[in-house]
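Only heavy atoms go into these numbers, but all of them, side chains included; no hydrogens, no water, no symmetry mates.
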Amino acid sequence: MAHVKKFVKGTINIMFFMIISALFGYLMKFVFSRMIKVEEIGLFYSVLGFITFFFFIRDLGLADSLVYFIPRFLIKNERSKIKSSILFTFKIQLIIGSIFYIFLLFISKGLAKFYFKDLRAQTLILILGLYYVLDGVVEILYKLFVGYRDFFLSQGTEFSITFFSSVSLVIFAFIGISIKWYGLSYLVSSIATIMIFGVLFFKKKFPFFSSTKTSKNIGKRMLKYSLPAMVGSFAGQIFNQQSIFFLTFFLGLEAVGLYVMALSLAKISIYFLKALSIVFIPTVASLWKQGKKIEINKTLFNIFSYAYLVCMPLALSIIIFSPQILKLIYTEKFLPAVPLLQLYAVYFLLYNFGEIIRHTFLSIGRPKISRNLTMVSLIVNIILNVILIPKIGLIGVAFADIFAAIITAVYGSIIFSKMTSLRIPFYRLGKIFVISIIFSILQFFLNNYLLFNEYTNLILSLFLSGSVYLFLVFFFKIVKIKDILNLIRT
């Protein structure tokens, strides 16, 4: 029961911070859409994407290994190993980060001139290069709090970055600072976050850090886990950033601006899954270590069920109301992104499935399988991007992502059934799909036949169809009243 309480509490904490972070993020993009040109938005996010692409190599995957090892060290009260793992990860982060920044000093001018085709990119590259180094420390703090299963402070770390960077960017936009200085917002957010949450970690989680002895040979053990995971992270980074790379190369910075803004709206449908997944990995890692496979299966059923109960109606709503959403939040100049937003709503439904499977493999200590899933998806995605973007333009990137997500979901399901004794609740997912289709049909007709303005229709149709959806959830016993009461009691 203790792990259920931690799971529920952790998910609630994460969702709390995600909602607030999302509001700040959308406030910033709301301001951007009205005060900055689309191609300048594209320039900023294209450079930011280039820098964050190299995050995978900054620590050789060691930060991710902290989430895997710390719950195990805590069970045995091996604090010397925790200290050694922190110091080893920090040392590697600092060395690689410094080397990378020196490299940027030499290539920044050439990148700005020949790749980004905008000389303002050079200043952005150099400023965000410093952010690359500092963010390594932020990442360690975040992973440490997750490893300790303190999801309030882990999400507080992420929220701090979002808060300080969003506020800084909004101020920059209002006072009219050149886009080339916008990278300073991430430097400010990193420094503030390190100061605040570094103190909190050493006071609340590891107050005897300085007096605790270190343990030998921990680095080799961590690298054995982290290197396969790093290859997966490498593939994941390429997967996340290569779309911006190809759009910049084939279509230009305006296409990047439309892509980034549409993608941020479509991501609304995965926030709940992300919250569940962050809690899921250390929880299942701990249960797997204790051999509690029945409880892992229950946890897996719940994460599939609750993730899709939330994300499926959200995705369908985005598909139906995408023009109204884009006009309301970003203004009419972003309407060319309507098909992109609709396609990415579909993509994230498929993405959710593959991510749950991948996180399960990470949780049970099989990072190589997780890596292989990411690699398969990546290879398919790159090939399709190279083929589709030059031929069909901006929507080509969405079709490439969708097809790659289908491959990952199918391949992952096959491997999952062969390699584990755990089960995927396909029957329950089927029922969720059916009631979501009923929800979307009702929503579509209400939106088209209610005799009010488009935004009043949007609100009324969402409320009425949402009420029917909730009724069907309980009618088909996808969720039972007693389950809700147990969650509230927990």
Side-chain angles (χ1 to χ4, degrees), residues 28-29 32 35-60 92-139 161 164-166 168-169 171-173 175-191 194 233-234 236-261 263 382 385-386 389-390 394 397:
M28 182 260 291
K29 289 184 172 66
F32 269 26
M35 305 191 73
I36 301 176
K37 295 178 182 178
V38 177
E39 58 269 25
E40 287 186 325
I41 295 172
L43 172 63
F44 176 68
Y45 282 106
S46 188
V47 176
L48 181 63
F50 175 82
I51 296 297
T52 56
F53 168 78
F54 295 97
F55 277 4
F56 76 93
I57 202 172
R58 188 175 53 196
D59 65 349
L60 306 179
I92 297 297
Q93 289 255 28
L94 188 61
I95 292 170
I96 295 176
S98 300
I99 293 171
F100 178 74
Y101 189 72
I102 293 169
F103 177 68
L104 284 179
L105 289 173
F106 288 100
I107 68 167
S108 59
K109 188 173 182 179
L111 280 171
K113 186 176 181 180
F114 298 108
Y115 174 61
F116 295 107
K117 298 180 178 65
D118 191 319
L119 293 179
R120 292 175 295 179
Q122 183 178 10
T123 305
L124 270 172
I125 291 168
L126 294 177
I127 294 172
L128 289 171
L130 291 173
Y131 159 67
Y132 177 93
V133 179
L134 291 175
D135 186 69
V137 183
V138 176
E139 184 185 20
I161 293 288
F164 286 110
S165 61
S166 297
S168 301
L169 287 168
I171 292 171
F172 291 171
I175 63 179
I177 287 180
S178 171
I179 195 74
K180 70 180 182 179
W181 298 110
Y182 276 38
L184 289 171
S185 62
Y186 282 85
L187 278 184
V188 170
S189 63
S190 296
I191 293 168
I194 291 168
S233 296
F234 169 58
Q237 281 297 102
I238 296 178
F239 186 85
N240 290 331
Q241 302 300 337
Q242 49 90 27
S243 296
I244 291 179
F245 169 79
F246 287 120
L247 287 172
T248 303
F249 185 79
F250 288 121
L251 302 179
L253 296 175
E254 185 173 349
V256 175
L258 293 172
Y259 166 81
V260 168
M261 301 295 268
L263 191 69
I382 289 177
N385 268 329
V386 172
I389 293 176
L394 192 55
V397 71

For a 4.5 angstrom cut-off between non-hydrogen side-chain atoms, does [X] reach [Y]?
X	Y	answer
Gln93	Glu139	yes
Leu184	Phe172	yes
Ile107	Phe103	yes
Phe53	Ile244	no
Ile41	Leu253	no

> What pairs with Ile191 under side chain to side chain contact (heavy atoms under 4.5 Å, CB included), at least two apart in sequence or on another chain?
Replying inline: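 Partners of Ile191 by the side chain to side chain contact (heavy atoms under 4.5 Å, CB included) criterion, ordered by chain and then number, come out as Leu134, Met195.
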> side chain to side chain contact (heavy atoms under 4.5 Å, CB included) with Lys37: which residues, sequence neighbours excluded?
Replying inline: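 For Lys37, the residues satisfying side chain to side chain contact (heavy atoms under 4.5 Å, CB included) (neighbours in sequence not counted) are Glu39, Glu40.
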> Does a donor on one side chain sit under 3.5 Å from an acceptor on the other, for Thr248 and Ser46?
Replying inline: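 Thr248 vs Ser46: donor-acceptor pair found between side chains.
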> Do the ring planes of Phe50 and Phe116 sit parallel (below 30°), tilted (30 to 60°) or perpendicular (above 60°)?
Replying inline: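 It falls in the perpendicular class, over 60°.
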> Relative to each other, are the rings of Phe32 and Tyr182 parallel, tilted or perpendicular (30° and 60° limits)?
Replying inline: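 It falls in the tilted class, 30° to 60°.
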Please report the closest heavy-atom contact between [X] and [Y], naming both atoms and the distance.
X	Y	value
Leu124	Leu43	CD1-CG, 4.1 Å
Val133	Ser98	CG2-N, 4.4 Å
Arg120	Ser178	CD-OG, 4.2 Å
Ser185	Ser168	CB-CB, 3.5 Å
Val47	Ala121	CG2-CB, 4.0 Å
Tyr259	Ser243	OH-CB, 3.5 Å

>> Assess whether a salt bridge exists between Asp118 and Lys180, defined as any Lys/Arg side-chain N lying under 4.0 Å from an Asp/Glu carboxylate O.
In response: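 Salt bridge: no.
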Could you tell me the separation between the [atom1] atom of [X] and the [atom2] atom of [Y], rounded to the nearest 0.5 Å?
X	Y	atom1	atom2	value
Ile171	Met28	CD1	CE	13.0 Å
Leu394	Glu254	CG	CD	10.0 Å
Leu251	Phe246	CG	CZ	12.0 Å
Leu128	Leu187	CG	CG	7.5 Å

> Does the gap between the ring centers of Phe245 and Tyr115 come in under 6.0 Å?
Replying inline: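 Yes, the ring centres sit under 6.0 Å apart.
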>> Assess the residue pair Ile127 and Trp181 against the criterion (side-chain contact (heavy atoms from CB on, under 4.5 Å)); give the C-alpha distance rounded to whole Å, side-chain angles, the decisive distance to 0.1 Å, and a yes or no.
In response: CA-CA 8 Å; Ile127 294 172; Trp181 298 110; 3.7 Å; yes
>> Under a 3.5 Å distance rule, please check whether Tyr101 uses its side chain to pair with a backbone N or O of Leu126 as donor and acceptor.
In response: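 Looks like yes, one N/O pair under 3.5 Å.
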> Does the pair Ile51 and Leu104 meet the rule for a side-chain contact (heavy atoms from CB on, under 4.5 Å), with working shown?
Replying inline: CA-CA 10 Å; Ile51 296 297; Leu104 284 179; 3.8 Å; yes
> Passes ring-ring contact (aromatic ring centres under 6.0 Å, His included), Tyr132 versus Phe55? Steps please.
Replying inline: CA-CA 7 Å; Tyr132 177 93; Phe55 277 4; 5.6 Å; yes
